[in-house]
Amino acid sequence: MSSPFDQVILESDNDELEVTELSLLETLDHVLNRGLVIAGEITISVADIDLIFLGLNVLVSSVEKANEVLRERERRTIEKDSTISGRGQ
Amino acid sequence: MLYVYCVTEEQVNSVDFARGIEQAPVESYEKDNLIVFLSRLERDTIGITRQNILTHDSVIRSVLEFTTPLPFRFSTLVSAERLENFIGSRGPELCEKLREIRGCVEMSVKVILEPGNPTSAQDDNVTLGKGAAFLLAKRREILGDEKLTESARQISDWVRTRLSAHFRAEEVVLRPSKKLVLSASHLVERANIGAYQEAARELMSARLDLHFLVSGPWAPYSFANIDLEFKTRFGVS
């Protein structure tokens, strides 16, 4: 018997994806991107390879988000380096 | 380490949990009138696997059948000491959040829009110098962005108007430049789930030019970001 809290997916066009795939994608979107966070260190891994290690008070969820953080960090490093080399000239 | 699933303001003894993450049993930890559902694991990392993700949501969903929990984000592993500190220091905010979501679930609406070409064919036939061509291209880009932003805003307003009678609170993310232009999460009282779903069906049939994905009920994942709010409020980064 189904429970009133069984997840229901309503989709206007199901040509491309099966409902089970959509259900998994929706679950991923919810559990990885949202929810309560305890400030602290988070390490997550894919296939037993540690992917992300972040320090205190950094919130990380999906690989996409992690990539954004890493790109921003890289950009800041480049900016910092160019500032330092600019001062040295 | 403790793998935490969710926190509630009431004990739910009648929940029949299947096994939790890594097949570990699910237990409850009580402090300051808050109950945290957790599993004890011998490891300090969690793999992003289909099984783990579904198990995380499944445990939370089991609690949701009895009461509305604040779900933790996937992969939250903490020491007993840190969990105790968290509950001790953030107790008032957690209680306030639990009060806000009491008796509700989250429903999700996503809208996908195929963006049209904002430029006109007439402009393409005009021969221009390099500078003028650059400025025209820039103008097209800006106008295109404005058009998409306005379009996304209109869709968001329209969805809100059609569903607002059935939800208590809303979290909206607009991405005008993406195909997924709107991602809305609605806090819906349990008694209104059926009416919300019916309104959502009408919504979908009213705009055949848009692609909709409506899902739920979920635990209120989108209404649980205490730390994000804390950061915004106090400017901590």
Side-chain angles (χ1 to χ4, degrees), chain A residues 1-66 69 72-73 76, chain B residues 4 6-7 44-50 53-54 56-57 60-61 64-65 70-78 82-83 86 90 94 97 105-106 108 110 183 185 190 193-194 197 200-201 204-205 207-208 210-219 221-228 231 236-237:
Chain A
M1 198 180 100
S2 69
S3 150
F5 297 102
D6 283 347
Q7 190 194 94
V8 174
I9 300 272
L10 305 175
E11 202 211 352
S12 56
D13 175 5
N14 60 3
D15 285 345
E16 292 179 16
L17 291 168
E18 295 294 327
V19 169
T20 48
E21 290 172 305
L22 286 171
S23 178
L24 180 63
L25 288 173
E26 277 290 273
T27 306
L28 273 169
D29 181 42
H30 280 82
V31 308
L32 289 179
N33 275 326
R34 307 159 196 196
L36 203 55
V37 173
I38 297 181
E41 295 169 351
I42 299 174
T43 305
I44 58 178
S45 63
V46 173
D48 288 334
I49 300 166
D50 289 351
L51 264 189
I52 300 162
F53 178 85
L54 292 157
L56 286 169
N57 292 321
V58 176
L59 308 178
V60 156
S61 49
S62 61
V63 172
E64 186 184 352
K65 281 267 170 65
V69 172
E72 178 63 16
R73 189 175 294 174
R76 284 183 187 172
Chain B
V4 288
C6 58
V7 57
D44 55 9
T45 63
I46 289 294
I48 306 179
T49 64
R50 182 192 186 101
I53 284 167
L54 293 178
H56 175 89
D57 186 57
I60 293 169
R61 194 169 289 279
L64 180 67
E65 289 198 30
L70 272 178
F72 281 100
R73 199 168 291 201
F74 176 78
S75 85
T76 307
L77 266 167
V78 289
R82 180 162 284 176
L83 178 62
F86 176 74
R90 307 306 292 273
L94 290 169
K97 269 285 173 202
V105 296
E106 177 178 325
S108 167
K110 290 184 168 68
S183 181
S185 301
R190 288 169 185 250
I193 295 173
Q197 287 173 333
R201 282 193 184 90
M204 292 158 77
S205 58
R207 287 286 299 267
L208 299 175
L210 301 174
H211 181 94
F212 292 90
L213 179 62
V214 178
S215 70
W218 298 94
Y221 286 95
S222 305
F223 299 88
N225 290 330
I226 287 178
D227 270 312
L228 291 173
K231 277 163 174 278
V236 179
S237 61

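In what follows, every chain begins at residue 1, and chains take the letters A, B, ... in the order their sequences are listed.
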Side chain from CB out, backbone as N, CA, C, O: work out which of these in [X] comes under 4.5 Å of a heavy atom of chain A, or both, or neither.
X        : value
B:Ser205 : neither
B:Ser108 : side chain
B:Leu94  : side chain

>> Do A:Thr27 and B:Trp218 have side chains that approach each other closer than 4.5 Å (heavy atoms only, starting at C-beta)?
In response: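 They are in contact (side-chain heavy atoms under 4.5 Å apart), so the answer is yes.
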> With a 4.5 Å heavy-atom cut-off, do B:Asp57 and A:His30 have their side chains touching?
Replying inline: no
> So, does A:Arg34 use its side chain to make a donor-acceptor pair with the main chain of B:Pro71 at under 3.5 Å?
Replying inline: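 No, the answer is negative, given that no donor and acceptor are paired below the 3.5 Å cut-off.
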>> Check whether A:Glu26 reaches the backbone of B:Ser215 with its side chain - one donor and one acceptor, N or O, closer than 3.5 Å.
In response: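 Between the backbone of B:Ser215 and the side chain of A:Glu26 there is no qualifying donor-acceptor contact (under 3.5 Å).
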> Given the options B:Lys110, B:Arg201, B:His56, which has more heavy-atom pairs under 4.5 Å with chain A than any of the others?
Replying inline: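 The candidate making the most pairs under 4.5 Å is B:Lys110.
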